[in-house]
Amino acid sequence: MDKPTVFAAALLVAVGGIIYELILGTAASYLFGDSVVAFSVATGLTLFGMGIGSLLATRLATNPGLNFVRNEVALALLGGSSVLILYAAFSLTEVYWLVFVLLSLALGVGIGVEIPLLVALLKEHGRDESVGLLSKVLAVDYFGALAASLLFPFVMLPYLGLMRTAYAVALLNVLVAVFMLRRMGRRTRWTWLARLTVVLLVACFAASSAIEGAINTRLYQDPVVHYESTAYQKLVLTSFGDDVRLYLSDQLQFSSVDEARYHETLAHATLTSVAAPASVAILGGGDGLLAREVLRYPSVREVTVVDLDPAVTELARTDRLVSDLNEHSFDDPRVRVVNGDAFRFMDTTAQTFDAVLIDLVDPSNERIAKLYSTEFYAMVANHLRPGGVYATQATSSYFTPHAFWQVAATVRAGSPGRTVVPLSVNVPSFGEWGFVLSLPAVAGQGGAAVPGTIGPDGGARLFAATPLPEGLSFHTLDSLRATATLAGDHPGPEVEMEASTLLSPVVYRTYQQDMSRWRY
């Protein structure tokens, strides 16, 4: 066996091994919700399995070439099916974490066997260079790891999706096995088995959309009418009767039955608190529902919607179910859609706004937590025009009360000298939901509001700078004012909450602790 063949095999299997690890972490983060835990556990277990595989390789060194082929075929079948196995375990069983652990370990063992067997194969053919040989094979393996880490996020996941990526990498494994069999000049039953595996994987690759659709049908109560795996998340739209629901990575974003309660509260609590708003920024809100509410104001001249995922904004514009719901807001000439990171947008834009509405997913991981930091809120405040206001969704004021109050504390710390007003409204799909409004300091308040109120008149002095527009589905001026006074049994903070920062994103840990108190 010549060196170029072994080095080529080492490069290709390294690409496959790293991508399997990334697939496991990504799939687990989609399903379980916490990307830090998912990727940490996937990486740790896979590396541990690789260590076990390296030790087991000594028992396979008597026939390294054929054992390498056997390992690649087995790895292809397991790795190619990894996403299917995880999704099936999540939808059908209560032990999906155990399945994830065992799958990570098994793939790690298969990956760990590869390099020792390739080195043994070279030695079997009289090329024993000990340390020098091993260092060259490992160098090629590490170069392949770099290629994989770039291919996965920039090419494979955006264009193939998660399940197709798994089958594509599995094809790579089995094609390496076929290649090695040809170079060894051996025709065994493994030759035919490898070829049969290629056919099976090609068929699975072609049918992966149907497979994903069948799995997702079991994950959701209502019929799935749109499914898409993007570079950032899994996007699912369901419809049953009058109820249209959008899920991002299995987290409900809205139900058409009661979404007006959420979007009207965030939009109108903010825009009625600033005089004649003309320029408005929406950070998040890629479904177009918040833009729909903003466009009700005759004074509004421009709306800038900043949403990370172009697939979401495209769905909002082109899917009839969503575009009818948002009243075709993205087709309005006053609306400009920017697909990008909200943090970077606020850091680099020269625009200023009368109002900024922050409609982002909950701070369930450190990646999102940066958008709930003092630094982010300071940037938002710095882009406000004189008299400008901003508001953010702040998780459930009932189910995650400590996270809710921590967002309020972070808003106060990020834009000192301004009045901070916690708001809460009942959204049946979500439960009691919280928002935090930041506006110029109210005379006599010293730049801070009593939690839940803004003076002795509750919310009467709020929401009076601009009249409430017509056409609302839920709010009247009285009900909007009522959101500024929290219920008497509302679980308030037991201690002063620490502000969340970029370097210390405590809000996501607080959110996870709050959520751990509930069974769902």
Side-chain angles (χ1 to χ4, degrees), residues 29 32-38 40 249-253 261-262 265-266 269 283-284 343 358-378 380 390-416 418-438 447-454 459 482-520:
S29 66
F32 312 149
D34 191 329
S35 60
V36 174
V37 173
S40 297
S249 297
D250 299 319
Q251 301 299 311
L252 178 65
Q253 302 304 301
R261 291 173 174 244
Y262 176 100
T265 301
L266 179 53
L283 308 181
F343 193 99
I358 305 171
D359 182 22
L360 302 165
V361 297
D362 287 351
S364 59
N365 59 62
E366 84 297 340
R367 178 173 58 87
I368 302 299
K370 72 175 184 179
L371 300 170
Y372 291 82
S373 65
T374 55
E375 293 87 349
F376 181 64
Y377 294 136
V380 171
Y390 76 90
T392 180
Q393 85 89 5
T395 79
S396 173
S397 52
Y398 185 85
F399 292 108
T400 53
H402 297 92
F404 169 70
W405 287 112
Q406 192 153 60
V407 172
T410 304
V411 169
R412 184 176 292 110
S415 47
R418 296 175 62 85
T419 296
V420 176
V421 186
L423 309 172
S424 186
V425 67
N426 185 266
V427 183
S429 296
F430 297 143
E432 198 72 19
W433 207 260
F435 305 88
V436 174
L437 176 64
S438 172
V450 178
T453 69
I454 185 169
T483 64
T485 303
L486 304 185
D489 65 346
H490 182 273
E494 297 175 0
V495 295
E496 182 68 23
M497 299 302 296
E498 176 187 359
S500 189
T501 67
L502 284 178
L503 295 180
S504 182
V506 293
V507 67
Y508 98 86
R509 291 195 291 271
T510 302
Y511 178 86
Q512 296 289 357
Q513 289 168 1
D514 276 345
M515 289 299 292
S516 68
R517 298 167 53 235
W518 307 97
R519 290 180 295 173
Y520 47 88

Phe404-Tyr398 aromatic ring centre distance below 6.0 Å: no
Inter-residue atom distance Ile358.CD1 - Phe376.CZ, 0.5 Å rounding: 4.5 Å
Validation row: Asp362, Gln251 side chains within 4.5 angstrom (heavy atoms): no
Thr410 side-chain N/O to Ser373 backbone N/O, donor-acceptor pair under 3.5 Å: no
Pairwise side-chain contact, Tyr262 with Gln393, heavy-atom cut-off 4.5 Å (strictly under): yes
From Gln253 atom CD to Ser429 atom OG, the distance as rounded to the nearest 0.5 Å: 12.0 Å
Flag side-chain contact, heavy atom, 4.5 Å: Phe343 against Leu502: yes
Separation between CG of Leu423 and CG of Leu486, rounded to the nearest 0.5 Å: 8.0 Å
Value rounded to 0.5 Å, distance of OG in Ser500 from CZ in Arg509: 8.0 Å
Expected output: side-chain Glu432 to main-chain Phe399 donor-acceptor under 3.5 Å: no
Val507 to Ala403 - nearest heavy-atom pair and separation: CG2-O, 4.4 Å
Heavy-atom pair with the smallest gap, counting every atom of Asp514 and Pro401: OD2-N, 3.5 Å
Non-hydrogen atoms of Arg261 and Val427 that approach each other most closely: CB-CG2, 4.0 Å
Validation row: Val407, Tyr377 side chains within 4.5 angstrom (heavy atoms): yes
Nearest heavy atoms of Val361 and Tyr372, plus distance in Å: O-OH, 2.8 Å
Expected output: side-chain Gln512 to main-chain Ser364 donor-acceptor under 3.5 Å: yes
Residue pair Pro363 / Thr395: nearest heavy atoms and the distance that separates them: CD-CG2, 3.5 Å
Heavy-atom side-chain contact between Phe435 and Thr483 under 4.5 Å: no
Smallest separation among heavy atoms of Ala408 and Val420, with atom names: O-CG1, 4.0 Å
Under 3.5 Å donor-acceptor, Arg418 side chain and Ser438 backbone: yes
Worked check of side-chain contact (heavy atoms from CB on, under 4.5 Å) between Trp405 and Thr510: CA-CA 10 Å; Trp405 287 112; Thr510 302; over 6 Å; no
